[in-house]
Amino acid sequence: ALPIYYRRIVGSIHEKKALVLFMVDLLDLPNSVIPDLTEIVGTNKHILVLGNKIDLLPGDSPGYLKRLKGQLFEYCKEAGIHTNGNITDVHLISAKTGYGVEDLISKLQRSWKYNGDVYLVGTTNAGKSTLFNSLLQSDYCRSKASEIDRKST
């Protein structure tokens, strides 16, 4: 279960227009899937599921990435996260090595653009801080920062 203070902080986005990047630790499935996520963040949110630590899983057979994405989606559905069609996509990434992060950034730039805030949520040790630091260095955050800078001058 999530600590009360974490629920309160994450719950503050309940009424905001926001995209939720839901980070899941692939080495801790299904335990790192938060069952009542949509109740916490709001049922009107777009959720992009990020299966992190893909670099630590062995590629056991052809098509394993597709099967893993499908299984992660099913775990999220079973946990009630997709009840209103909230899940817009599932990405497999490694926040540590950068695998899949560029694709994620491209997806954010194409689909979400800057239509609202983006929140990165997940359980302890899922890799949120590592991904956050990568996003801060990315074109996604830099282009938004320069846009804000232009507006302020």
Side-chain angles (χ1 to χ4, degrees), residues 2 6-7 9-30 32-57 59 63-123 126-152:
L2 292 175
Y6 185 80
R7 289 177 176 278
I9 291 168
V10 174
S12 69
I13 70 173
H14 205 272
E15 300 302 320
K16 296 179 181 179
K17 180 176 183 179
L19 172 67
V20 175
L21 300 179
F22 175 41
M23 173 97 49
V24 176
D25 182 346
L26 292 173
L27 301 178
D28 191 24
L29 280 176
S32 63
V33 174
I34 302 170
D36 52 352
L37 180 66
T38 53
E39 291 174 26
I40 298 169
V41 300
T43 57
N44 60 337
K45 299 295 178 289
H46 295 281
I47 299 173
L48 195 59
V49 178
L50 308 176
N52 190 33
K53 303 183 184 177
I54 188 64
D55 57 312
L56 300 178
L57 295 176
Y64 79 101
L65 292 175
K66 185 177 180 180
R67 281 195 317 280
L68 192 53
K69 278 176 80 166
Q71 186 60 54
L72 180 54
F73 180 75
E74 287 302 316
Y75 279 133
C76 290
K77 263 179 57 177
E78 289 169 12
I81 296 172
H82 192 59
T83 51
N84 294 331
N86 303 78
I87 298 174
T88 58
D89 205 354
V90 176
H91 284 264
L92 301 178
I93 66 166
S94 170
K96 186 175 181 179
T97 67
Y99 175 88
V101 175
E102 280 300 316
D103 289 341
L104 170 63
I105 292 166
S106 296
K107 170 86 176 183
L108 290 172
Q109 289 173 323
R110 274 192 323 272
S111 62
W112 186 249
K113 298 181 176 97
Y114 305 105
N115 295 324
D117 292 334
V118 177
Y119 291 85
L120 181 58
V121 300
T123 57
K128 298 179 300 293
S129 295
T130 306
L131 179 63
F132 181 76
N133 289 327
S134 294
L135 291 173
L136 281 179
Q137 300 302 315
S138 74
D139 291 339
Y140 185 70
C141 288
R142 274 196 291 260
S143 60
K144 182 62 175 169
S146 65
E147 180 182 306
I148 291 169
D149 189 43
R150 279 193 300 270
K151 286 181 182 176
S152 67

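Closest approach of Cys76 to Ile87, counting heavy atoms only: CB-CD1, 3.6 Å. Counting all heavy atoms, side chain and backbone alike, Gly127 lies closest to Ala95 at O-CB, 4.0 Å.
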Pairs of donor and acceptor atoms involving the side chains of residues 36-47, under 3.5 Å and at least two apart or interchain, shall be tabulated with distances.
{"residue": "Asp36", "atom": "OD2", "partner": "Arg7", "partner atom": "NH1", "Å": "2.9"}
{"residue": "Asp36", "atom": "OD2", "partner": "Arg7", "partner atom": "NH2", "Å": "3.2"}
{"residue": "Lys45", "atom": "NZ", "partner": "Ile13", "partner atom": "O", "Å": "3.1"}
{"residue": "Lys45", "atom": "NZ", "partner": "His14", "partner atom": "O", "Å": "2.8"}
{"residue": "Lys45", "atom": "NZ", "partner": "Lys16", "partner atom": "O", "Å": "2.9"}
{"residue": "Lys45", "atom": "NZ", "partner": "Val41", "partner atom": "O", "Å": "3.2"}

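In this structure, the side chains of Tyr99 and Ile54 come closer than 4.5 Å at one or more pairs of heavy atoms. Annotation: side chain of Leu108 is in contact with side chain of Leu19 (closest heavy-atom distance under 4.5 Å). Counting heavy atoms from C-beta on, the side chains of Val20 and Leu48 never come closer than 4.5 Å. Put simply, the side chain of Leu135 reaches to within 4.5 Å of the side chain of Leu21, judged on heavy atoms. Proximity of Phe22 to Ile81: side-chain heavy atoms (C-beta onward) are separated by under 4.5 Å at one or more points.
Under the rule for a salt bridge (Lys or Arg N to Asp or Glu O under 4.0 Å), the partners of Lys107 that lie at least two apart in sequence or sit in another chain are Asp89. Among residues two or more places apart in sequence or in another chain, the side-chain contact (heavy atoms from CB on, under 4.5 Å) test is passed with Asp117 by Tyr119. For Thr97, the side chain to side chain donor-acceptor pair (under 3.5 Å) test picks out Ser94, with sequence neighbours left out. Residues passing the side-chain contact (heavy atoms from CB on, under 4.5 Å) test with Leu56 are Leu27, Lys53, sequence neighbours excluded. By the side chain to side chain donor-acceptor pair (under 3.5 Å) test, Asn86 pairs with no residue at all, sequence neighbours left out. For Asn84, there are no side chain to side chain donor-acceptor pair (under 3.5 Å) partners at least two apart in sequence or on another chain.
Atom OH of Tyr64 has more than 12 neighbouring heavy atoms from other residues, nucleotides or ligands inside a 6.0 Å radius.
The CG atom of Leu131 sits 8.0 Å away from the CD1 atom of Ile105 when rounded to the nearest 0.5 Å.
Using a distance-only test at 3.5 Å, with no hydrogens or angles considered, no donor-acceptor pair links the side chain of Asn52 to the main chain of Met23. Looking only at distances, a side-chain donor or acceptor of Ser12 sits under 3.5 Å from a matching main-chain atom of Ile9.
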Evaluate side chain to side chain contact (heavy atoms under 4.5 Å, CB included) for Val49 paired with Thr88, printing each intermediate quantity in order. CA-CA 8 Å; Val49 178; Thr88 58; over 6 Å; no
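Here side-chain hydrogen bond (donor to acceptor under 3.5 Å, both in side chains) pairs that include residues 69-82, with residues two or more places apart or in two chains, number zero.
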